[in-house]
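These numbers come from the heavy atoms of this one structure, side chains and all, not from hydrogens, waters or symmetry mates.
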Amino acid sequence: MSATFASLSPTSGAGAVFLGTGIVLVLATLVGWGLKLRYAFDGPHAVIDNLNSRIRAWWWMVAVLAVAFWFGKAGVVLLFTLLSFFALREFITLCYTRRGDHLVLTMSFFVALPVQYWLIWIDWYGLYSIFIPVYAFLLLPIFAAFGADTTRFLERAAKVQWGLMICVFCLSHVPALMTLEIPGFEGRHLQLIAFLVIVVQGSDVLQYIWGKLLGRHKVAPSLSPSKTWEGLIGGVASATALGALIHGLTPFTPGEAAAIAFVICLMGFFGGLVMSAIKRDRGVKDWGHMIEGHGGVLDRLDSVVFAAPIFFHIVRYWWV
């Protein structure tokens, strides 16, 4: 526990990140309270109330992540196991399923999901890298076929596969960063996760801000009306600069950090578009309502889901 405490001390990389995040959240909270007192003291105000609910949600999310970091690898693996469970539940809830899918869904939640994270826990890269894309991909449709229900079989099987890939396989690459053995970077894996989350989530926030300030031209109005080219360019450029600024958290040089940040920000943006397309297909605005002001788990993690595997393999193939 003492080593874990040291990794979160204010002088450590991860500790400095949480300290800085806490300062930003305190300032944001004060601004939110000030706006409420000035403009909506006696009643509701849609924009200000939404802002304050998002700030409260960020407090909770940062606190949960800090607790997970405190417990090191075990805490991070457990946190993302739970996040995958809730994300998969949100995904499957919006999918068309039938009675014949019950066995496959049970196996997805209580076999495939925990086994994937157990393989990461024991650092069996050779298997966790193919367990869902190969073995779950082949075996789950076999069990589904035994249900002898052929109604929309292909659609149902594909949705389960998509759910496992998005919510479990891709997301599991975040804690998988803890298994990488990088020369000269021992014991600082939490900082890689911090870099990934800060850059990708920062890109989302910065795209939103730039879009509100300058946004005129829609990227894909039928998928996500709020996303603009101005927001995309400004947000990705700003997050790329942010990645270079916090390169000290990583084994990368400033130029390498900027290049990697650029790639994962683009993947995060495309991930948001894909997940928005799925929501539009299902006729919903949010994946769920678990996080106040943010919708569901997938609404908050859609960009991380697409960025995490790319980030993991860039680091693994060039730095390990």
Side-chain angles (χ1 to χ4, degrees), residues 1-33 51-87 117 120-121 171-180 185-206 239 242-243 245-251 257 261 264 268 290-305 307-308 311-312 315:
M1 182 68 73
S2 59
T4 306
F5 176 78
S7 69
L8 283 182
S9 67
T11 56
S12 69
V17 166
F18 281 106
L19 178 61
T21 303
I23 293 172
V24 171
L25 285 175
V26 168
L27 293 175
T29 300
L30 293 175
V31 169
W33 284 349
L51 171 66
N52 286 328
S53 67
R54 285 174 175 264
I55 293 171
R56 287 193 297 270
W58 271 110
W59 273 112
W60 280 105
M61 289 188 287
V62 170
V64 169
L65 191 60
V67 171
F69 271 38
W70 177 275
F71 287 99
K73 182 179 177 180
V76 173
V77 171
L78 177 59
L79 172 61
F80 280 89
T81 301
L82 294 173
L83 290 176
S84 281
F85 182 90
F86 290 122
Y117 281 95
I120 289 173
W121 171 254
L171 194 56
S172 71
H173 282 78
V174 179
L177 290 167
M178 302 282 291
T179 68
L180 298 179
F185 200 70
E186 293 81 3
R188 292 190 284 165
H189 298 87
L190 291 174
Q191 295 176 197
L192 282 176
I193 297 177
F195 178 87
L196 171 65
V197 173
I198 290 170
V199 169
V200 175
Q201 294 290 339
S203 178
D204 285 351
V205 174
L206 289 166
L242 175 63
L245 183 65
I246 62 173
H247 75 279
L249 293 175
T250 71
I264 61 178
M290 186 174 180
I291 305 174
E292 182 186 9
H294 290 271
V297 171
L298 276 175
D299 291 294
R300 189 68 274 146
L301 294 178
D302 53 3
S303 53
V304 174
V305 161
F311 181 68
F312 173 87
V315 176

(request) Can you sort out the partners of Trp60 under side chain to side chain donor-acceptor pair (under 3.5 Å), two or more places apart, ordered by chain and number? (result) none
(request) Locate the shortest heavy-atom distance separating Leu298 from Ala87; write the atom from each residue and the value. (result) CD1-O, 3.6 Å
(request) Report the distance from atom CG of Asp204 to atom CG of Leu301, rounding to the nearest 0.5 Å. (result) 10.0 Å
(message) With a 3.5 Å distance limit and no angle check, can you tell me whether His189 reaches the backbone of Leu180 through a side-chain donor-acceptor pair?
(response) yes
(request) Enumerate the residue pairs fulfilling side chain to side chain donor-acceptor pair (under 3.5 Å) with a member in residues 77-87, sequence neighbours excluded, ordered by first and then second residue. (result) Ser84-Tyr117
(request) Look at the aromatic rings of Phe195 and Phe311 and report parallel, tilted or perpendicular, splitting at 30° and 60°. (result) parallel
(request) Please examine the side chains of Met178 and Ile120, heavy atoms only from C-beta on, and report whether any two atoms are closer than 4.5 Å. (result) no
(request) Mind checking the CZ-CG spacing from Phe71 to Leu79? Nearest 0.5 Å is all I need. (result) 12.0 Å
(request) Test Phe312 against Leu196 for side-chain contact (heavy atoms from CB on, under 4.5 Å), laying out the working first. (result) CA-CA 9 Å; Phe312 173 87; Leu196 171 65; over 6 Å; no
(message) My understanding is that only residues two or more places apart in sequence, or in another chain, count here; which of them pass side-chain contact (heavy atoms from CB on, under 4.5 Å) with Leu27?
(response) Ile23
(message) So which atom in Ala257 and which in Gly243 form the shortest heavy-atom distance, rounded to 0.1 Å?
(response) CB-O, 3.4 Å
(message) Just verifying a value: how many Å separate Arg188 CZ and Leu190 CG, rounded to the nearest 0.5 Å?
(response) 11.5 Å
(message) Quick one: does any side-chain atom of Gln201 pair with a main-chain N or O of Val304 as donor and acceptor, under 3.5 Å?
(response) no
(request) Report yes if the side chains of Ile246 and Val199 come closer than 4.5 Å at any heavy-atom pair, otherwise no. (result) yes
(message) Just to verify, which of Val174, Leu78, Val297 counts as forming a side-chain contact (heavy atoms from CB on, under 4.5 Å) with Leu83?
(response) Val297
(request) To the nearest 0.5 angstrom, please state how far the CG atom of Leu30 sits from the CG atom of Leu25. (result) 11.0 Å
(request) Determine the minimum heavy-atom distance between Gly268 and Ala307, stating which atoms define it. (result) N-CB, 4.4 Å
(request) Work out which heavy atom in Ser303 is nearest to a heavy atom in Val200; give both atom names and the distance. (result) OG-CG1, 3.4 Å
(message) How close do Phe185 and Thr250 get, counting heavy atoms only, and between which atoms?
(response) CE1-C, 3.6 Å
